[in-house]
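What you are looking at is a predicted structure, and each value in this text was computed from that prediction instead of being measured.
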Amino acid sequence: MTFRERLRALPTFARPGLPAFDPDAAPPTPHELFVAWMDEAIEANLLAAHAMTLSTAEPSGRVHARTVSLKDVTADGWWFASQSSGPKGRELAANPHAALTFFWPELGRQVKVTGSAASAGEEASRADFLARPDASRAAGIVNRQSEPLSSREEYVRAFEEALAAVTADTELAAPDWTAYVLAPTEVEFWQAPDDGPHTRLLYRAEADGWARGLLWP
């Protein structure tokens, strides 16, 4: 069997038993529907249900994607955090347009959030950093994300020094750590059924609120 054939033979979703989705009964805002879907993913004990792909672009148009963790969802938007001095932060500073993608195959669901990301401010950024585990804070203090590394030992030494620093000072925060909020202009919900075509529901931000409509699969 060729590699292509092996890929085509892989199952996509756990069937049967995918949740039903009635777009006519969807709430008026995408934030409400997203939280409901996230609650179902958490209740189903999905691993890393809060993991999402963050896609950003350089001013030249080159696109980069990586997996990060969702921190919160509020009326302002979808929250995540990173170093403002790292690749993500530099790209968002030059081009704030970004997208988030969630994929929960056990539930046959995807969510795509498109909009613009901006800093939530110094206070929120500091609070986010200090709430992180010591090991995560240490990695943030090292803060040489995506730079060339001469050896694993070099990083281990830097990490151990940073871990000692954050353990000794619980208020020590990385100065470039930034909490971001992605304010959505569009949010799409995608649901696969046990059989038949899947459903795509799009929320689009308008001056007077959210417009909602179906998309062709």
Side-chain angles (χ1 to χ4, degrees), residues 34-35 38 41-42 44-74 76-106 110-113 115-183:
F34 179 86
V35 170
M38 177 61 79
I42 293 171
N45 294 316
L46 302 191
L47 182 63
H50 62 320
M52 59 188 185
T53 300
L54 167 64
S55 300
T56 57
E58 299 176 0
S60 65
R62 292 180 60 190
V63 177
H64 300 274
R66 74 290 284 168
T67 301
V68 299
S69 296
L70 176 69
K71 297 297 183 180
D72 199 1
V73 176
T74 66
D76 294 325
W78 275 247
W79 293 61
F80 61 95
S82 185
Q83 300 279 8
S84 61
S85 56
K88 295 186 288 294
R90 294 195 301 269
E91 290 168 11
L92 290 172
N95 177 9
H97 299 292
L100 307 172
T101 306
F102 297 83
F103 182 43
W104 301 308
E106 298 88 345
Q110 292 185 70
V111 180
K112 181 177 68 175
V113 186
S116 295
S119 170
E122 183 177 347
E123 183 177 348
S125 298
R126 180 177 174 81
D128 179 271
F129 188 85
L130 295 181
R132 300 169 72 84
D134 285 349
S136 180
R137 290 174 61 217
I141 291 294
V142 173
N143 188 21
R144 296 185 62 181
Q145 189 180 71
S146 300
E147 295 180 15
L149 177 65
S150 61
S151 70
R152 176 69 179 173
E153 290 72 24
E154 181 184 8
Y155 176 68
V156 171
R157 287 194 300 271
F159 178 82
E160 289 176 345
E161 291 174 2
L163 183 59
V166 300
T167 302
D169 184 357
T170 58
E171 295 300 311
L172 181 61
D176 293 336
W177 190 257
T178 304
Y180 290 95
V181 185
L182 189 147

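Here the side chains of V111 and M38 are not in contact, with every heavy-atom distance at 4.5 Å or above. Counting heavy atoms from C-beta outward, S82 and V68 have side chains that stay 4.5 Å or more apart. W79 has its side chain within reach of T74: a pair of non-hydrogen atoms, C-beta onward, lies under 4.5 Å apart. A 4.5 Å side-chain heavy-atom check between L54 and K88 finds at least one atom pair inside the cut-off. A 4.5 Å side-chain heavy-atom check between V166 and D169 finds every atom pair outside the cut-off.
Of the possible polar contacts, none joining the T56 side chain to the L92 backbone as a donor-acceptor pair under 3.5 Å is found. Of the possible donor and acceptor atoms, none in the side chain of T178 sits under 3.5 Å from a partner among the backbone N and O of Y180. Within the 3.5 Å criterion, the main-chain N or O of G121 finds a donor-acceptor partner in the side chain of S125.
Every salt bridge (charged side-chain N to carboxylate O under 4.0 Å, His left out) that D134 has, sequence neighbours left out, goes to R137. Judged as a side-chain hydrogen bond (donor to acceptor under 3.5 Å, both in side chains), and not counting sequence neighbours, the contacts of S60 are E58. Residues passing the salt bridge (charged side-chain N to carboxylate O under 4.0 Å, His left out) test with R90, sequence neighbours excluded: none. For S150, the side-chain contact (heavy atoms from CB on, under 4.5 Å) partners at least two apart in sequence or on another chain are E154.
The minimum heavy-atom distance linking A138 with A162 is given by the pair O-CB, 3.4 Å. The heavy-atom pair separating A65 from T53 by the smallest distance is CB-CG2, 3.8 Å. For V113 against L182, the heavy-atom pair with the smallest separation is CG1-CD2, 3.7 Å. For I141 against A174, the heavy-atom pair with the smallest separation is CD1-N, 3.7 Å.
Rounded to the nearest 0.5 Å, atoms CD (Q83) and CG (N143) are 3.5 Å apart. M52 contributes atom CE, which lies 15.5 Å from atom NZ of K112 (distance to the nearest 0.5 angstrom).
Salt-bridge formation is detected for the pair R126/E171: a Lys NZ or Arg NE/NH1/NH2 atom is positioned less than 4.0 Å from an Asp or Glu carboxylate oxygen.
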Show the atom names and distances, to 0.1 Å, of all donor-acceptor pairs under 3.5 Å that link a side chain in residues 97-105 to residues at least two apart or in another chain.
residue	atom	partner	partner atom	Å
H97	ND1	S116	OG	3.4
W104	NE1	A49	O	2.9

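Between F34 and W78, a ring centre-to-centre spacing shorter than 6.0 Å is recorded.
For residues 125-150, the pairs satisfying ring-ring contact (aromatic ring centres under 6.0 Å, His included) are F129-W177, with sequence neighbours left out.
For E123, the CD atom is loosely surrounded, since the number of other residues' heavy atoms within 6.0 Å does not exceed 12.
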